[in-house]
Amino acid sequence: MTDVTTDQLQVWVDQDLCTGDGLCVQYAPEVFEFDVDGLAYVKGPDGELRQAAGARVDVPEHLRLEVIDSAKECPGECIHVVRASDGAEVAGPEADD
């Protein structure tokens with residue numbers, strides 16, 4: 001069983017499915033940002049967007065619930081939150097919730 005309060009989590013955005021709605025940026029602007037193409041991307045602790053397809057960043061501990069809520073509420077179902085240890089999806093379109 002996944003414990004989203006203690007397991008290290010990572011997040012990535014599938015830009016092919018991104019609708020540009022912006023909920024993720026509202027929920028967790030430290031993790032998500034729009035690029036000039038109008039799509040959401042994850043960004044690392046350095047503030048740089050990770051634009052490679054499937055690029056993951058660690059979810060800061062204090063933003064776990066915001067990032068998980070972003071994945072659950074995303075109208076494009078394009079946000080994937082995975083457990084870092086084994087890649088199991090804990091929130092997003094492929095999660096068992």
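Keep in mind that this is a model prediction, so the values were computed, not measured.
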What's the verdict on salt bridge (charged side-chain N to carboxylate O under 4.0 Å, His left out) for Arg83 and Asp86, showing C-alpha distance, side-chain angles and the deciding distance?
-> CA-CA 6 Å; Arg83 196 169 43 225; Asp86 62 4; 2.7 Å; yes

Could you tell me whether a side-chain N or O of Arg50 sits under 3.5 Å from a main-chain N or O of Glu48, the two making a donor and an acceptor?
-> yes

In Å and rounded to the nearest 0.5 Å, what is the [atom1] to [atom2] distance from [X] to [Y]?
X: Asp14; Y: Cys74; atom1: CG; atom2: SG; result: 10.0 Å
X: Lys43; Y: Gln51; atom1: NZ; atom2: CD; result: 12.5 Å
X: Asp35; Y: Glu33; atom1: CG; atom2: CD; result: 8.0 Å
X: Tyr27; Y: Leu65; atom1: OH; atom2: CG; result: 11.5 Å
X: Ile79; Y: Cys24; atom1: CD1; atom2: SG; result: 4.5 Å
X: His80; Y: Trp12; atom1: NE2; atom2: CH2; result: 3.5 Å

Any chance you could lay out the side-chain contact (heavy atoms from CB on, under 4.5 Å) test for Val42 and Leu49, step after step, and finish with the verdict?
-> CA-CA 6 Å; Val42 292; Leu49 295 185; over 6 Å; no

Any idea which heavy atoms bring [X] and [Y] closest together, and the distance?
X: Ala28; Y: Val67; value: CB-CG2, 4.1 Å
X: Cys78; Y: Cys18; value: SG-CA, 3.7 Å
X: Val13; Y: Gln15; value: O-OE1, 3.1 Å

Show your reasoning for whether side-chain contact (heavy atoms from CB on, under 4.5 Å) applies to Val81 and Glu89.
-> CA-CA 6 Å; Val81 182; Glu89 188 149 322; 5.9 Å; no

For the residue pair [X] and [Y], establish whether any side-chain heavy-atom pair is separated by less than 4.5 Å.
X: Val57; Y: Gln10; value: no
X: Leu9; Y: Val82; value: no
X: Phe34; Y: Leu39; value: no

Decide whether Tyr41 and Val59 are clustered together by the hydrophobic rule: side chain heavy atoms of Ile, Leu, Val, Met, Phe, Trp, Tyr closer than 4.5 Å, transitively.
->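 Shared cluster, no.
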
Result of checking Val25, Thr19, Asp21 against Leu23 for side-chain contact (heavy atoms from CB on, under 4.5 Å) | Asp21

